There are 2 protein chains.
Amino acid sequence: MTQARAPRADAVRNRRKILGAASEQITAHGPEVGMDEIAAAAGVAVGTLYRHFPTKTDLVAAVVAEFVARVADDAQAALERVTAGTRALDELTAFLGRVVEASVTDRAVKAAAQALGAEPGDRDTEERASAAVAALIQAGQADGDIHPDVTVNDIYLLFSTAPTDQPPAARARWLTLVVPGLTTRARPVDI
Amino acid sequence: MTQARAPRADAVRNRRKILGAASEQITAHGPEVGMDEIAAAAGVAVGTLYRHFPTKTDLVAAVVAEFVARVADDAQAALERVTAGTRALDELTAFLGRVVEASVTDRAVKAAAQALGAEPGDRDTEERASAAVAALIQAGQADGDIHPDVTVNDIYLLFSTAPTDQPPAARARWLTLVVPGLTTRARPVDI
DNA sequence: ATCTATCCTGAACCGTGGTTCACCTTTGTG
DNA sequence: CACAAAGGTGAACCACGGTTCAGGATAGAT
């Protein structure tokens, strides 16, 4: 059990700068930005990126984790408002809308959404988001607004198919088209 | 007005082979297959590809056009069944489902769908597909099944957001979630 | 102050994949 | 059959982007 020495001060500082710059760049230009650009934005050399994150995938995953955390916060806030008396379906709809809108600016969120379905990410944060969304759904079902079949996975499914790269009007329209599927009035469809 | 000489026999033959192989390869592995692989599948050298299609984009566009034509046929067939007495909403739903399922195998269709919203492609074929879908929608609206607001663009919007890369169950569920948005029972949503 | 483990640097490496081009082959006309 | 013109060939070119590594700098312990 060799006790690992504490990381050096500049290493910690750089790690933060890198994470910040990566978040910024990926948010602005999507996950396809070059490592060079991220390094430049962080005021650091490429090699330093690779000291902290063995591969680009790891770096992106770290950034994505931050976004997931943000979404989790959002969901929890919505849940609290419901407990305070607002209508669950409305909160869920608004939540969906907000996340989709956020996906447009923060293109990494889109990747995060797909990551939610695929790779684990932060177990805790993911759990937190899922729990809040699940509670939101349950509340809506208790109100009789949301269809009893609806699960958290449905929300993720919709979220992962959001038309992020389409104009605002299309995104709004998409939400309009998609929400009724969660609603009590909807009926199942055979394929 | 210099009359262009007719193309040579082997040129015509190769063009067909290329288009066939490209269609096959893109269908199987998506538009990201290398030009080398397409050339190999066609039993032809890379240079020949470039003689017929100045750029990879052009080749893909040509393949996509074929798929659009296939979708147009499908839509027209559905329309004819409606004229023969089947319910328009059911046909539209089934059509959506079929196209989504086709997108899974024929990954190029997905690209085609997005191309429909973006690049023109074959004006005629696109018109043909749009006309058939529009007629389908109108029929459904006449039945009182489909919401009066629904347009062809909505179908394209949904189609372009289909979860092509998710398991069959998820795709089916997606259809279930999405169709109610087209239905009379749905209500609009504010963002 | 010294010394070493840790960390940083950035030019170079490498695989990938679209594209080109100098040279050869085939077609089909005179 | 000869001989242009059209077409085909495929090795080489190039841009791009992730990754590496030998050498230099720095923190922090002694």
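Every value quoted in this text rests on a predicted model; they were computed, and no experiment measured them. In what follows, every chain begins at residue 1, and chains take the letters A, B, ... in the order their sequences are listed. Scope of the values below: all heavy atoms of this structure, side chains included, with no hydrogens, waters or symmetry mates.
When each of A:Asp10 and A:Gly47 is assigned the nucleotide of DNA chain D bearing its nearest heavy atom, the one mapping closer to the 5' terminus is A:Gly47. Between B:Tyr50 and A:Val44, the residue anchored nearer the 5' end of DNA chain C, judged by the nucleotide with its closest heavy atom, is A:Val44. Each of B:Gly34 and B:Ala9 was assigned the nucleotide of DNA chain C with the nearest heavy atom; the assignment lying further toward the 5' end belongs to B:Gly34.
Whole-Å rounding puts the B:Asp36 CG to D:dT9 P distance at 14 Å. Counting to the nearest Å, the C1' atom of C:dC3 and the CZ atom of A:Arg8 are 13 Å from each other. Residue A:Arg15 contributes atom CZ, which lies 11 Å from atom P of C:dC7 at whole-angstrom precision. Following rounding to the nearest Å, B:Met35 (CE) and C:dT16 (P) show an atom-to-atom distance of 18 Å. A:Ile38 has its CD1 atom 12 Å from the P atom of D:dG17, to the nearest Å. B:Asp58 has its CG atom 13 Å from the C1' atom of C:dG18, to the nearest Å. Between A:His29 atom NE2 and D:dG17 atom C1' the separation is 16 Å, expressed in whole Å. Taking atom CZ of B:Arg13 as the reference point, atom P of D:dG7 lies 13 Å away to the nearest angstrom.
Side-chain atoms of A:Arg51 and base atoms of C:dT6 include no donor and acceptor less than 3.5 Å apart. No hydrogens or angles were tested; on distance alone, nothing pairs the side chain of A:Arg5 with the base of C:dT6 as donor and acceptor under 3.5 Å.
Using a 4.0 Å cut-off between charged nitrogen and carboxylate oxygen, A:Arg128 and A:Asp73 count as a salt-bridge pair. Note on A:Lys56 versus A:Glu32: no salt bridge recorded, every NZ/NE/NH1/NH2 to OD/OE distance being 4.0 Å or above.
Distance from the side chain of B:Ala45 is smallest to D:dG10 among C:dC7, D:dG10, D:dG18.
The shortest distance between side-chain heavy atoms of B:Ser160 and B:Lys110 does not fall below 4.5 Å.
Considering only side-chain N and O atoms, A:Thr55 lies nowhere under 4.0 angstrom from the phosphate OP1 or OP2 of D:dG18. Remark: A:Asn14 is in phosphate contact with C:dC8, judged by side-chain N or O atoms under 4.0 Å from OP1 or OP2. Look at B:Thr48 and you won't find any side-chain N or O under 4.0 angstrom from OP1 or OP2 of D:dG7. A sub-4.0 Å separation between OP1 or OP2 of D:dG7 and a side-chain N or O of B:His52 is absent.
Among the protein residues, A:Val12 comes within range of no part of the nucleic acid, since none of its heavy atoms lies under 4.0 Å from any strand.
Under 3.5 Å, the side chains of B:Thr55 and B:Tyr50 contain no donor-acceptor pair of N or O atoms.
Counted within 6.0 Å of CD on A:Glu24, heavy atoms from surrounding residues, nucleotides or ligands total 12 or fewer; the atom is thus considered open.
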